[in-house]
Amino acid sequence: MQIVQRPNEFHVKIEYNRFRVNNNNAIKAIPGSYFNGVRKVWVVPMYSKNYLVELFNNQKSFNPIELIDASVNLPEVFGEIKPLPELAYNYPLKLGALRDYQAKGVARGLELQRFINGDEQRLGKTLQTIVTLMIAHEQGKQVFPSLIICPSSLKLNWADELNLWVGEKSMIIDNKVKTTWHRFYELGMNNFFIVNPQSLKSFFVDYMPPKGQMTHSKQIVMNERINMFKSVVIDESHRFKDPTAQQTKIALKIAKGKEWVILLSGTPVKNKPVDLFSQLAIMGRLNDFGGPKGFKPRYCDGGNGSSNLNELKYLLNEKCFFRRERVEVLDNLPPKQRQTILCTITTREDYNKAQNDFVKFLEENGCSDAEIARKLRGEIMVKMQALKKISALGKLTDVKEYIHDVIDSGEKIVIFCVLHAIVDELTKAFPHALKITGRETDAEKEQAKTKFQACAKCGTKIEHHQGQDHDYVMNDFNVMICNIQAAGVGHNFSAAHEVGFVEYPWTASDCFQCEDRVFDAKKPNPMVCTYFLGHKTIDEDNYELIKSKAGISNAVTGSTDEMNTEFIDKVINSLGIK
């Protein structure tokens, strides 16, 4: 139970726990109290203060009680937010160079050391972080070993980005190296170690009180090896907004005392300023905002509301935060941004079995002979499609996580796939998603497209909205699931900026057709095209072939039949069949 003292009254918030009924009855019995449905708090007049004091003194019956004094409301203090500095240090990258706004983000990160990079999605927060740490290291700062905490779906991508951009080999900590990972740093083999939030307890906690028996995070006994880390990076840091969550408490202990703590999130505040509380604590920045007892009264209206937001924004940018939106850096961005996400498939056992059966089939039929391979082409394609299906099903955990991140950031996304089984699984996860597949009628497809494109204010589609007397307002229909064959051409999904491929067409031009359902050159924001690849699966061969043929039109030599034949050859070669 939380009691917030305001100038003329008290606001009492009662949580959903085993004390809820007792607490509700006790507050309801106080003279003059009433429930404010908007704020979702009980309001107790100041003249009934003694009743609350009695409640507070009798905490054993009404645990836990948090008392916050919000009765003092000093004027806001804020000023002009300064532009980000220029980067004076030129760090050589293996691929290309930093964009101008990315270089400024690196420069600001080097100044702050403990900060949140709040750049909008797909602006390169990962690359900025990598370069920040590499430059700090070259300048003699202690940043290695570095621990990267990120969602499971991004672990392989962090490892890939580190290798591609700066040539750094990283280690994804798993059960195989649970007790030995630190040796790899001591031997000079790895500077970066990657782990997902769900594994923090397994790898870094020696003891934690049983569930329901922990009263303070001090009871958590951490493994002493966490002291080795000189820097901590937390990707998607908004997932650590709950201070009572186990993962938040562990992250707080890991980051404690570190000079370099970098948080990445395009949505660090998803609901109210209180979302920042834990993130500031993890960075060791809470005292810059009044400390644990001062932050909520000053910036959360005493509890879970919001207050003094101009001051909060100013202080954040002064102390530990920066953010750029895509519309601000359009000159630096291509109209289309493509990225791949390597997924650790959850169907690995089934995939390996199917792949072994495929290899056996190829060896028994002598498919190194081109003529035999052509004769068996149909049967080979069927077996490869089975591999693609197993991989697609195994990617769905990571795909769903990505979709949630997109829609949580207030964006829309169009997902392309081939198999009905994939459509069905995604529909279970997102029951309110719109669909255009071979199973909908023409009328249902048109209705889905209209809903997806319509302005929330007037109902006009975005492509017809130019003559309205107001700006287009995005509606709540934020996920469109499409079958490539049914929706790959002729449709307009330009209300979205994101398109994702769980499965892919055979040719680059077919991929571009699907991408162009979302692309609109007149839109202020560039679009992001994400291809989900099963790690160490047939997907990687498929995507590499698409990339290699990206400049060839189907109308010339890249026909589907020819692409299929090349794909067969590529897969057979990758399996080492002779």
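Salt-bridge check for Arg439 with Asp424: passed, with a basic side-chain N closer than 4.0 Å to an acidic carboxylate O.
For His420, the ring pair (Phe, Tyr, Trp, His ring centres under 6.0 Å) criterion is met by no residue, not counting sequence neighbours. Residues satisfying the side-chain contact (heavy atoms from CB on, under 4.5 Å) test with Gln447, not counting sequence neighbours, are Lys451. When the side-chain contact (heavy atoms from CB on, under 4.5 Å) test is applied to Asn175, the partners found at least two apart in sequence or on another chain are Lys178, Ser202, Phe203. Taking Lys155 as the reference, nothing meets the salt bridge (Lys or Arg N to Asp or Glu O under 4.0 Å) condition, with sequence neighbours excluded. For Glu120, the salt bridge (Lys or Arg N to Asp or Glu O under 4.0 Å) test picks out Arg326, with sequence neighbours left out. In this structure His465 satisfies the ring pair (Phe, Tyr, Trp, His ring centres under 6.0 Å) test together with His470, Tyr472, sequence neighbours excluded. Asp174 pairs by the salt bridge (Lys or Arg N to Asp or Glu O under 4.0 Å) definition with nothing, not counting sequence neighbours. By the ring pair (Phe, Tyr, Trp, His ring centres under 6.0 Å) test, Phe193 pairs with Trp181, sequence neighbours left out. Contacts of Phe493 classified as ring pair (Phe, Tyr, Trp, His ring centres under 6.0 Å), with partners at least two apart in sequence or in another chain: His491. For the salt bridge (Lys or Arg N to Asp or Glu O under 4.0 Å) test, residues two or more places apart in sequence or in another chain that qualify with Arg239 are Glu401, Asp405. Ala456 meets the side-chain contact (heavy atoms from CB on, under 4.5 Å) test with Val473, Asn475; sequence neighbours excluded.
At a threshold of 4.5 Å between non-hydrogen side-chain atoms, the residues Glu161 and Ile130 count as touching. Side chains of Tyr101 and Glu328 form no contact here, defined as non-hydrogen atoms less than 4.5 Å apart.
Of the possible polar contacts, none joining the Asp235 side chain to the Cys150 backbone as a donor-acceptor pair under 3.5 Å is found.
Just one of Ile234, Ile250, Leu263 meets the side-chain contact (heavy atoms from CB on, under 4.5 Å) condition when paired with Phe240; it is Ile234.
Here Tyr185 and Phe144 keep their ring centres 6.0 angstrom or further from each other. Checked against the 6.0 Å centroid criterion, the rings of Phe501 and Tyr531 qualify as a close aromatic pair.
Within the model, atoms CG of Leu393 and OH of Tyr351 stand 13.0 Å from one another, a figure rounded to the nearest 0.5 Å.
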Can I get a per-line list of side-chain donor-acceptor pairs under 3.5 Å for residues 426-436, giving both atom names and the distance, sequence neighbours left out?
from: Thr427; atom 1: OG1; to: Val423; atom 2: O; distance (Å): 2.7
from: Lys428; atom 1: NZ; to: Glu425; atom 2: OE2; distance (Å): 3.3

